[in-house]
Amino acid sequence: ASASVLAVDAAGTSAVEVLRGTDGNWPALLGVAGVAVFSVPQPDGSTRLVASDGTVAGTAQIATLTATASGFPAAAINSALTMGGKVYFGAGGNLWETNGTSAGTHVSVTLPPSTGSDPYLHAFGPLGSRFVFSRLDGDVEQLWVSDGTGPGTLLLATFGADQDPRYLQDVINTGNGLMVFTVRDFTNGNGNGQLWRTDGTAAGTVRINSAPDLEVFDMLRPLRGGLGGAVFQGITSAYGREPWVTDGTDAGTRLLRDLTPGPDESFLLLADAGAGAFVTKAVNSHDVWYTDGTPGGTWSLSATDRRVA
């Protein structure tokens, strides 16, 4: 299997292949900094960075990340972020940046030396004029905030090592100056996560305490269209597994709807749906629900009265 990146020829009349991946080494979009920047994994483990303005003449390799420094950054898996005309990504355990040129592709922040092997930067997400990212280093996960400079890059929290949980996922901006994320420990038998938030400070990076036994099952889903917040499958002893919503605060993290009353679980699938989310309930039925993040705005598409179903 292979995948290619096409560009327009000089005459502007046909598409020409300018990048090709082989044997599963597919090109991936890193971000857009005036031009599109692609990461292209190589059979030897290295990664080439290629910039393109959509034409053959405007497509060129701008850097090569060595096998020990790559980690295959890509926007689709949140291991890269475009902000302020630059694309930020991780390589070799450090924070890199590119503006789409060879001269503008370099380490922007050197992070502390690795204590494990193959440190990997991921979970990039915007937070105001800054961004957060996480570095997985062996069994230790570190959450950082940065403005792209050394002095403006600060450690917010450390997970793992002598404490659990340890794997950070699903960083989502809730639109009110907060980021929510989950931290999981896949060694505890179920892989359910804790729900956390950060305001970009170490003191403001804390676990959300809305229900003492609340765990997160599966992924967080953002509420789009200016609604803010995220929907997720929460598990508690009182309600089982049901849809929950959060705006990053304790008070704003609550049960959205008890679709299967009591502690029995609802088997759910969550999906983005424009300015909301679809919730599919599959317990003796296959109902499809829609939510805007409020109880009143959560209704079954198959109901007679959609407002109160």
- prompt: Do you reckon L81 sits in the same ILVMFWY cluster as V171, going by side-chain contacts under 4.5 Å, direct or chained?
  reply: no
- prompt: Are the side chain of N176 and the backbone of D247 linked by a donor-acceptor contact shorter than 3.5 Å?
  reply: yes
query: Mind checking what makes side-chain contact (heavy atoms from CB on, under 4.5 Å) contact with T294, not counting sequence neighbours?
result: D292
query: I62: what forms a side-chain contact (heavy atoms from CB on, under 4.5 Å) with it, not counting sequence neighbours?
result: V37, L49, A51, T98, S102, T105
task: Using atom types as modelled and distance alone, determine if a side-chain donor or acceptor of S134 lies under 3.5 Å from a backbone N or O of Q142.
output: yes
- request: Check side-chain hydrogen bond (donor to acceptor under 3.5 Å, both in side chains) between T110 and all other residues, then give those that pass, not counting sequence neighbours.
  value: none
query: Who passes salt bridge (charged side-chain N to carboxylate O under 4.0 Å, His left out) against R197, sequence neighbours left out?
result: D250
message: For Y239, I'd like to know if atom OH has over 12 heavy atoms of other residues, nucleotides or ligands within 6.0 Å.
response: no
- line: dist I172:CD1 -> T246:OG1 (nearest 0.5 Å) comes out at 9.5 Å
Between side-chain atoms of residues 82-93 and protein atoms elsewhere (two or more places apart, or another chain), which donor-acceptor pairs fall under 3.5 Å?
residue	atom	partner	partner atom	Å
T82	OG1	V32	N	3.3
K86	NZ	E97	OE2	3.1

- request: Evaluate the side-chain proximity of L214 to T253: yes if any heavy-atom separation is below 4.5 Å, no if none is.
  value: yes
query: For the side chain of R207 and the backbone of Q194, is there at least one donor-acceptor N/O pair under 3.5 Å apart?
result: no
query: S108 side chain to L95 main-chain N or O, any donor-acceptor pair under 3.5 Å?
result: yes
task: State, with a plain yes or no, whether a side-chain heavy atom of D170 is found less than 4.5 Å away from one of F181.
output: no
message: For the residue pair D137 / S114, report whether a side-chain donor-acceptor contact shorter than 3.5 Å exists.
response: yes
R130 backbone acceptor or donor facing D147 side chain under 3.5 Å: no
task: Report the residues that fulfil side-chain contact (heavy atoms from CB on, under 4.5 Å) with D199, sequence neighbours left out, ordered by chain and then residue number.
output: L178, T201
field: Main-chain N/O of L256 paired to E242 side chain as donor or acceptor, under 3.5 Å
entry: no
